Peer 1: 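If you scroll down you'll find the structure; I have some questions about it.
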Amino acid sequence: MPQETLLNSAAALLAVCAGTAAAGIITRTFIFETEAKDDNPALPLFSFSIYLTDVPLDNHDYGSVGAQTWGGACILAEMIVEAPTAFGIPEIITSMPLRCLELGAGTGLVSLTVGKIIQSKLATVTPKLLGELGRLEVVATDYYPSVLANLDTNIKANFSSSTSNAICIESQALDWSQFSSPEYLSQAISLQLPFDVVYGADIIYEDQHAEWIKLCLWKLLKKPTHMQREPTFHLIIPLRQTHQAESNTIERVFCREKSEPDIRRPKHDGGELIIKHRETILCDAETGNDNERVEYLYYRIGWDI
Ligand SMILES: C[S@@+](CC[C@H](N)C(=O)[O-])C[C@H]1O[C@@H](n2cnc3c(N)ncnc32)[C@H](O)[C@@H]1O
């Protein structure tokens, strides 16, 4: 994906994603439009809007960080719009079911974007195929009650009850720290089956996050078979100077060179989860200062079988 293209569009979007902490509750419209490009005739053309409510960060309530939309979600959403197939959304919707999951969804921008792209594709499906479609699901998860309530509001604002029955977009409680216990998983019906694709934006900022998320992925990311798309976890994080040690945990936890298999891995699993691709993305900082840039890291993580 050309970095300059991404940088230009993400910079515009980032300006919108910034600075909500002091702004009070705000509702914004994100407009995604792709334009026909001579050098990329295969680029899918989309035009849709997403309405998001952001709730201000409550400094006495650390858990409420997810009630705001962070820059990582803006960039990941933009990347998905630019190249949906690279992010697990098939070029043509067929009778094959598709399950998409977002971890730490916050306000839900990434999940809503995925849902809107699938919805746009459904609009071109013939009535005959519509009846034969497999289930298309997007499950946006988070763990904090007020964040989940806001996520639910955002889903309802963007997908009315008249949305095609072929697509299901829902919020679901999922706490990474609790997830490995069997009782926890059995309570969440929408998490019973594994997912084709998992997304995460700005979800690794404490020591244990990468470890917890790996344990979730072992259960929630489908194992590859020759019949399927390659199940993938798409992760983006900002490089915050204050959180360098936490960011480094990603490379350690999803390390290709790990010599010993992790003993906590369920016995039936054949492979290890590793980083397959890593890319640095530079964006203009929201300060409006011309020379100030924020660095993000994008990781594609999958099974090494
Ligand atoms: C910095 S915010 C990013 C939110 C959103 N992905 C975005 O980029 O706008 C981190 C998110 O991770 C969620 N989170 C933190 N710890 C979690 C845990 N143990 N289980 C599930 N979600 C968690 C928070 O509630 C929050 O929504």
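Computed from a prediction, not measured in an experiment: that's the story for all the values here. We count ligands from 1, going down the list as the structure has it; atoms in each ligand are counted the same way. Positions are given from 1 along the sequence.
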Peer 1: I'd like the name of whichever of Gly104, Ala140, Cys216, Ala73 reaches closest to atom 6 (N) of ligand 1 through any heavy atom.
Peer 2: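 Checking each option, the heavy atom nearest atom 6 (N) of ligand 1 is found in Gly104.
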Peer 1: Regarding Gln172 and Ser190, do their side chains bring together a donor and an acceptor under 3.5 Å, going by distance alone?
Peer 2: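 Distance-only check passes for Gln172 and Ser190.
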Peer 1: Among protein heavy atoms, which sits nearest to atom 20 (N) of ligand 1, and what does the distance come to when rounded to 0.1 Å?
Peer 2: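 Among all protein heavy atoms, the one nearest atom 20 (N) of ligand 1 is Trp176 N, 3.0 Å.
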Peer 1: Between Asn158 (side chain) and Tyr51 (backbone), is there a donor-acceptor pair under 3.5 Å?
Peer 2: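 Yes; at least one donor-acceptor contact below 3.5 Å.
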Peer 1: List the closest protein heavy-atom neighbour of atom 27 (O) of ligand 1: residue, atom name, distance to the nearest 0.1 Å.
Peer 2: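 The protein heavy atom lying closest is Asp142 OD2, 2.6 Å.
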Peer 1: Please check: side-chain N/O of Ser47 versus main-chain N/O of Glu33, any donor-acceptor pairing under 3.5 Å?
Peer 2: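 Not confirmed, Ser47 side chain does not pair with Glu33 backbone.
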Peer 1: Atoms of ligand 1 less than 4.0 Å from Thr69 heavy atoms?
Peer 2: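 Every atom of ligand 1 under 4.0 Å from some heavy atom of Thr69: 9 (O).
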Peer 1: With heavy atoms only and a cut-off of under 4.0 Å, state how Gln68 meets ligand 1: side chain, backbone, both or neither.
Peer 2: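 For Gln68, only backbone atoms sit under 4.0 Å from ligand 1.
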Peer 1: For atom 26 (C) of ligand 1, which protein heavy atom lies nearest, and how many Å away is it?
Peer 2: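 Minimum-distance protein heavy atom for atom 26 (C) of ligand 1 reads Gly66 CA, 3.5 Å.
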Peer 1: Starting from atom 15 (C) of ligand 1, what is the nearest protein heavy atom, named by residue and atom, and what distance separates them?
Peer 2: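 Closest protein heavy atom to atom 15 (C) of ligand 1: Tyr205 OH, 3.2 Å.
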Peer 1: For atom 9 (O) of ligand 1, which protein heavy atom lies nearest, and how many Å away is it?
Peer 2: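 Of every protein heavy atom, Trp70 N, 2.8 Å lies nearest to atom 9 (O) of ligand 1.
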Peer 1: What protein heavy atom lies closest to atom 1 (C) of ligand 1? Include the residue and the distance to one decimal.
Peer 2: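 Nearest protein contact, heavy atoms only, for atom 1 (C) of ligand 1 is Asp202 O, 3.3 Å.
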Peer 1: Tell me yes or no: between the side chains of Glu211 and His209, is some donor less than 3.5 Å from an acceptor?
Peer 2: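 Short answer, no.
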Peer 1: To the nearest 0.1 Å, how far is atom 19 (N) of ligand 1 from its closest protein heavy atom, and which atom is that?
Peer 2: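 Of every protein heavy atom, Asp175 OD1, 3.0 Å lies nearest to atom 19 (N) of ligand 1.
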Peer 1: The test is salt bridge (Lys or Arg N to Asp or Glu O under 4.0 Å); show your working for Lys222 and Asp196 and say whether it passes.
Peer 2: CA-CA 6 Å; Lys222 260 187 197 164; Asp196 299 283; 2.8 Å; yes
Peer 1: Can you see whether Phe159 has Lys116 sitting over its ring - NZ or CZ less than 6.0 Å from the centre and within 45° of the normal?
Peer 2: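 That pair qualifies as a cation-pi contact.
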Peer 1: Tyr299 pairs by side-chain hydrogen bond (donor to acceptor under 3.5 Å, both in side chains) with which of Lys276, Glu279, Glu251, His234?
Peer 2: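 That would be Glu251.
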Peer 1: Would you check the N or O atoms of Leu103, main chain and side chain alike, for any that come under 3.5 Å of an N or O of ligand 1?
Peer 2: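 No, Leu103 has no N/O under 3.5 Å of an N/O on ligand 1.
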Peer 1: For Asn154 and Thr53, indicate whether the former's side chain and the latter's backbone hold a donor-acceptor pair under 3.5 Å.
Peer 2: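 Here the side-chain-to-backbone pair exists.
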Peer 1: Please could you name the atoms of ligand 1 that Leu174 approaches to less than 4.0 Å, counting only its heavy atoms?
Peer 2: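 Every atom of ligand 1 under 4.0 Å from some heavy atom of Leu174: 20 (N), 21 (C).
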